**Student:** 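Below you will find the structure I want to go over with you.
Remember, it's a predicted structure, so these values are computed and weren't measured experimentally.
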Amino acid sequence: VQLQASGGGLVQPGGSLRLSCTASGNIFKISAAGWYRQFPGKQQELVAEIPSGSKTLYGDSVKGRCTISRDDSKNTVSLEMDTLKPEDTAVYYCHFLIQTLQGDFVHEFDTWGQGTLVTVSS
């Protein structure tokens, strides 16, 4: 399974961004899809994630500024964020929890995109 992300780059403070990520390959079902981000020298933190059959999760620092959507027919997860601040500058990673069929068995695993840099600066 491979992930291809798009979006990101340089955004002015107060601006908005849209990130998209598409999974391709042997996919039986998507159990969850979302976005995380990592600041230099720090651990990854949740931006937003949509688990199947469960409530959408948003990180505390982005609540109210962020909307995540998922289209399983296209194996795509998208993130829209507005009112961007310099402290939103980070590398953003898409994440999928994917199920594949291996014979009669379902195998579930995490897979991550390569990361896309978002810089919020004037």
**Student:** Do you know which two heavy atoms are closest between Q114 and L3, and how far apart they sit?
**Tutor:** OE1-O, 3.9 Å
**Student:** Taking the side chain from T76 and the backbone from K74, do they hold a donor-acceptor pair closer than 3.5 Å?
**Tutor:** yes
**Student:** Could you check whether R70 and S52, counting side-chain N and O atoms only, form a donor-acceptor pair closer than 3.5 Å?
**Tutor:** yes
**Student:** Does Y93 share a hydrophobic cluster with I68, counting links as ILVMFWY side-chain heavy atoms below 4.5 Å and allowing steps through other members?
**Tutor:** no
**Student:** Could you check whether any side-chain N or O of Y58 sits under 3.5 Å from a backbone N or O of R65, counting only pairs where one atom can act as donor and the other as acceptor?
**Tutor:** no
**Student:** Do N75 and S24 make a side-chain contact, defined as non-hydrogen atoms from C-beta onward lying under 4.5 Å apart?
**Tutor:** no
**Student:** Between E108 and L97, is there a side-chain heavy-atom distance shorter than 4.5 Å?
**Tutor:** yes
**Student:** Are the side chains of E49 and Y36 in touch, meaning some heavy atoms are under 4.5 Å apart?
**Tutor:** yes
**Student:** Just wondering, do W112 and Q44 contact through their side chains at under 4.5 Å, heavy atoms?
**Tutor:** yes
**Student:** Is there a continuous path of hydrophobic side-chain contacts, each under 4.5 Å between heavy atoms, that joins I30 to L19?
**Tutor:** yes
**Student:** How about S61 and E87: do any of their side-chain heavy atoms sit closer than 4.5 Å?
**Tutor:** no
**Student:** Output yes when a side-chain donor or acceptor of S122 lies under 3.5 Å from a complementary backbone atom of P13, and no otherwise.
**Tutor:** no
**Student:** What's the verdict on side-chain contact (heavy atoms from CB on, under 4.5 Å) for K85 and V120, showing C-alpha distance, side-chain angles and the deciding distance?
**Tutor:** CA-CA 6 Å; K85 310 170 187 178; V120 183; 5.5 Å; no
**Student:** Please round to the nearest 0.5 Å and tell me the distance separating atom OG of S20 and atom CH2 of W35.
**Tutor:** 7.0 Å
**Student:** Quick check against the 3.5 Å criterion: does R37 have a side-chain atom that pairs as donor or acceptor with the backbone of V118?
**Tutor:** no
**Student:** Can you find a heavy atom in the side chain of R18 that is under 4.5 Å from one in the side chain of S78?
**Tutor:** yes
**Student:** Distance from T67 atom OG1 to D82 atom CG, nearest 0.5 Å?
**Tutor:** 7.0 Å
**Student:** Kindly determine whether F105 and H107 satisfy ring-ring contact (aromatic ring centres under 6.0 Å, His included), including the steps that lead there.
**Tutor:** CA-CA 6 Å; F105 297 96; H107 176 57; over 10 Å; no
**Student:** Test side-chain contact (heavy atoms from CB on, under 4.5 Å) on V106 and L101; report intermediate values, then the result.
**Tutor:** CA-CA 5 Å; V106 174; L101 278 178; 3.7 Å; yes
**Student:** Please report the shortest heavy-atom distance between V47 and Y92, naming the atom on each side.
**Tutor:** CG2-CE2, 4.0 Å
**Student:** Give a yes or no on whether the backbone of G7 and the side-chain of T116 come within a donor-acceptor separation of less than 3.5 Å.
**Tutor:** yes
**Student:** Rounded at 0.5 Å granularity, tell me how far CG in L17 sits from CG in L79.
**Tutor:** 6.5 Å
**Student:** Going from CG on L117 to OG1 on T89, what distance comes out if it is rounded to the nearest 0.5 angstrom?
**Tutor:** 7.5 Å
**Student:** For a 4.5 angstrom cut-off between non-hydrogen side-chain atoms, does I27 reach F96?
**Tutor:** no
**Student:** With rounding to the nearest 0.5 Å, note down the distance linking CD in E80 to OG in S69.
**Tutor:** 6.5 Å
**Student:** Please determine whether the number of non-hydrogen atoms from other residues, nucleotides or ligands lying under 6.0 Å from atom CD of Q2 exceeds 12.
**Tutor:** no
**Student:** Once you round to the nearest 0.5 Å, how far does SG of C21 lie from CD of Q4?
**Tutor:** 8.0 Å
**Student:** How close do V11 and S16 get, counting heavy atoms only, and between which atoms?
**Tutor:** CG1-O, 3.6 Å
